[in-house]
Amino acid sequence: RSSAEEPRHIESWIDGSLGAIEATIQVALQWSLQSRGGLLVHASAGVYQGRGVLIPGPSGAGKSTAAREAGFDVVLSDEMVIVEEERGHERDHERGHRYALYSTPFWSEGRSLPLVISSAPLSLIAIPHKSEQARLISCTESVAVSYLLRAITVYSDQTHDMELKAQVLTELFELTCRLCAAVSYATLAFPKRGPWLSQLEW
């Protein structure tokens with residue numbers, strides 16, 4: 001896209017494999033979300049007592065374990081989650097920006113939990129850290145932004161327009177900063193076995 005007014009077109013060649021089809025959908029989803037202020041995040045997410053918890057991180061960080069063992073009322077996904085600003089609150093200066101989590105069909109291999117179509121208000125960004133006891137540990141906003149940025153899905157395109165690529169990355173950075181400024185965040189220490197969500201206060 002050369003300007004905000006021009007639509008972006010995505011061309012994809014697939015070999016018929018499930019992985020290729022999923023990647024195509026994810027590319028389209030990433031660009032669609034970003035165009036309206038949303039993010040596609042490598043994360044697990046669940047709902048507990050009506051509140052959404054986002055647990056971002058790379059493979060091996062414990063996302064799937066946390067999703068499975070924490071004791072969520074509903075698990076939205078253990079691999080990839082949509083984060084988007086709730087519509088109707090963009091100009092609500094008194095209450096500020098509000099964000100929501102949305103489920104996706106993208107899960108890690110060996111999924112044992114049911115697929116759902118659901119959403120929840122985002123109440124906590126939890127940076128996962130394996131421990132023997134469940135607790136929340138405060139961290140700085142810069143740490144939260146830095147960690148979340150590494151979990152955001154970014155698919156590069158075939159353009160050689162470096163200015164455009166820089167613009168895309170700048171937009172993602174600004175979206176991440178706004179998100180962390182509006183939502184609570186902390187390091188989440190958690191054990192392999194649960195449930196342990198009831199032990200946390202946030």
Side-chain angles (χ1 to χ4, degrees), residues 1-12 14 18-47 51-59 61 63 67 74-92 96-108 115-127 144-159 161 163-185:
R1 64 183 177 186
S2 59
S3 72
E5 292 75 24
E6 295 179 6
R8 181 174 181 84
H9 301 280
I10 296 175
E11 295 182 354
S12 176
I14 61 176
L18 180 60
I21 294 171
E22 285 187 353
T24 298
I25 296 171
Q26 290 168 12
V27 171
L29 185 56
Q30 175 211 320
W31 284 101
S32 175
L33 286 167
Q34 186 177 341
S35 69
R36 59 178 193 263
L39 299 168
L40 185 60
V41 185
H42 282 287
S44 63
V47 186
R51 296 177 293 172
V53 180
L54 180 72
I55 308 175
S59 297
K63 302 188 302 295
V74 176
V75 175
L76 301 177
S77 176
D78 71 347
E79 180 64 24
M80 196 165 289
V81 182
I82 292 170
V83 180
E84 193 167 17
E85 189 169 359
E86 291 186 316
R87 298 302 158 192
H89 296 284
E90 294 91 337
R91 296 179 177 83
D92 190 340
H97 294 274
R98 295 174 58 184
Y99 292 83
L101 300 174
Y102 296 87
S103 59
T104 73
F106 308 118
W107 287 64
S108 63
L115 288 173
V116 298
I117 300 175
S118 189
S119 64
L122 174 55
S123 296
L124 177 68
I125 300 170
I127 299 171
V145 169
S146 177
Y147 192 89
L148 186 55
L149 277 171
R150 293 196 294 271
I152 291 172
T153 303
V154 181
Y155 291 100
S156 61
D157 56 17
Q158 298 301 312
T159 181
D161 186 338
E163 184 177 345
L164 175 57
K165 289 184 177 181
Q167 176 188 338
V168 169
L169 294 176
T170 298
E171 288 176 359
L172 288 173
F173 174 73
E174 291 173 347
L175 288 172
T176 304
C177 288
R178 287 203 301 272
L179 173 60
C180 289
V183 177
S184 297
Y185 47 81

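Here the structure is a predicted model, which is why all the values come from computation and not from measurement. FYI, side chains are in, hydrogens and waters are out, and symmetry mates aren't considered; it's all heavy atoms of this structure.
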field: Verdict with reasoning, Y185 to L179, per side-chain contact (heavy atoms from CB on, under 4.5 Å)
entry: CA-CA 10 Å; Y185 47 81; L179 173 60; over 6 Å; no
message: Could you tell me if the side chain of L101 sits less than 4.5 Å from the side chain of V83, heavy atoms only?
response: yes
task: List the steps, then state whether side-chain contact (heavy atoms from CB on, under 4.5 Å) holds for I125 with C180.
output: CA-CA 8 Å; I125 300 170; C180 289; 4.2 Å; yes
query: What's the shortest heavy-atom distance between K63 and S44, and which atoms?
result: O-OG, 3.1 Å
field: Spatial distance of atom CD1 (I152) from atom CG (L172) [nearest 0.5 Å]
entry: 6.0 Å
- prompt: In Å, rounded to the nearest 0.5 Å, how long is the span from CG of L29 to CZ of F106?
  reply: 6.5 Å
field: Residue pair P58 / Y147: nearest heavy atoms and the distance that separates them
entry: CD-OH, 3.7 Å
statement: Contacts of R150 meeting salt bridge (Lys or Arg N to Asp or Glu O under 4.0 Å) (sequence neighbours excluded), chain-then-number -> none
- prompt: Just checking, is any N or O donor in the side chain of E171 or Q167 under 3.5 Å from an acceptor N or O on the other one?
  reply: yes
task: I would like to know whether L148 and L54 meet side-chain contact (heavy atoms from CB on, under 4.5 Å); could you show each step before the answer?
output: CA-CA 10 Å; L148 186 55; L54 180 72; 4.2 Å; yes
query: Which value, rounded to the nearest 0.5 Å, describes the distance between Q34 atom CD and L175 atom CG?
result: 6.5 Å
field: Donor-acceptor pair, side chain of T104 and main chain of M80, under 3.5 angstrom
entry: yes
task: Looking only at non-hydrogen atoms, find the nearest pair between Y99 and E86 and report the distance.
output: C-CG, 3.9 Å
field: Considering all heavy atoms, the nearest V154-L169 contact
entry: CG1-CD2, 4.3 Å
message: Going by salt bridge (charged side-chain N to carboxylate O under 4.0 Å, His left out), name the pairs with one or both residues in residues 25-34, residues two or more places apart or in two chains.
response: none
statement: For A144 and I127 the tightest heavy-atom approach is CA-CD1, 3.9 Å
- prompt: Where is the tightest heavy-atom contact between V47 and A120, given as atom of each residue plus distance?
  reply: CG2-CB, 3.5 Å
task: Check for a donor-acceptor pair, side chain of T170 on one end and backbone N or O of A166 on the other, with a separation under 3.5 Å.
output: yes
task: Give a yes or no answer on whether the side chain of S108 reaches the backbone of D78 with a donor-acceptor pair at less than 3.5 Å.
output: no
- prompt: For E84, what residues pass the salt bridge (Lys or Arg N to Asp or Glu O under 4.0 Å) criterion, not counting sequence neighbours?
  reply: R36, R87
- prompt: Do any N or O atoms from the side chain of T176 and from the backbone of L149 form a donor-acceptor pair under 3.5 angstrom?
  reply: no
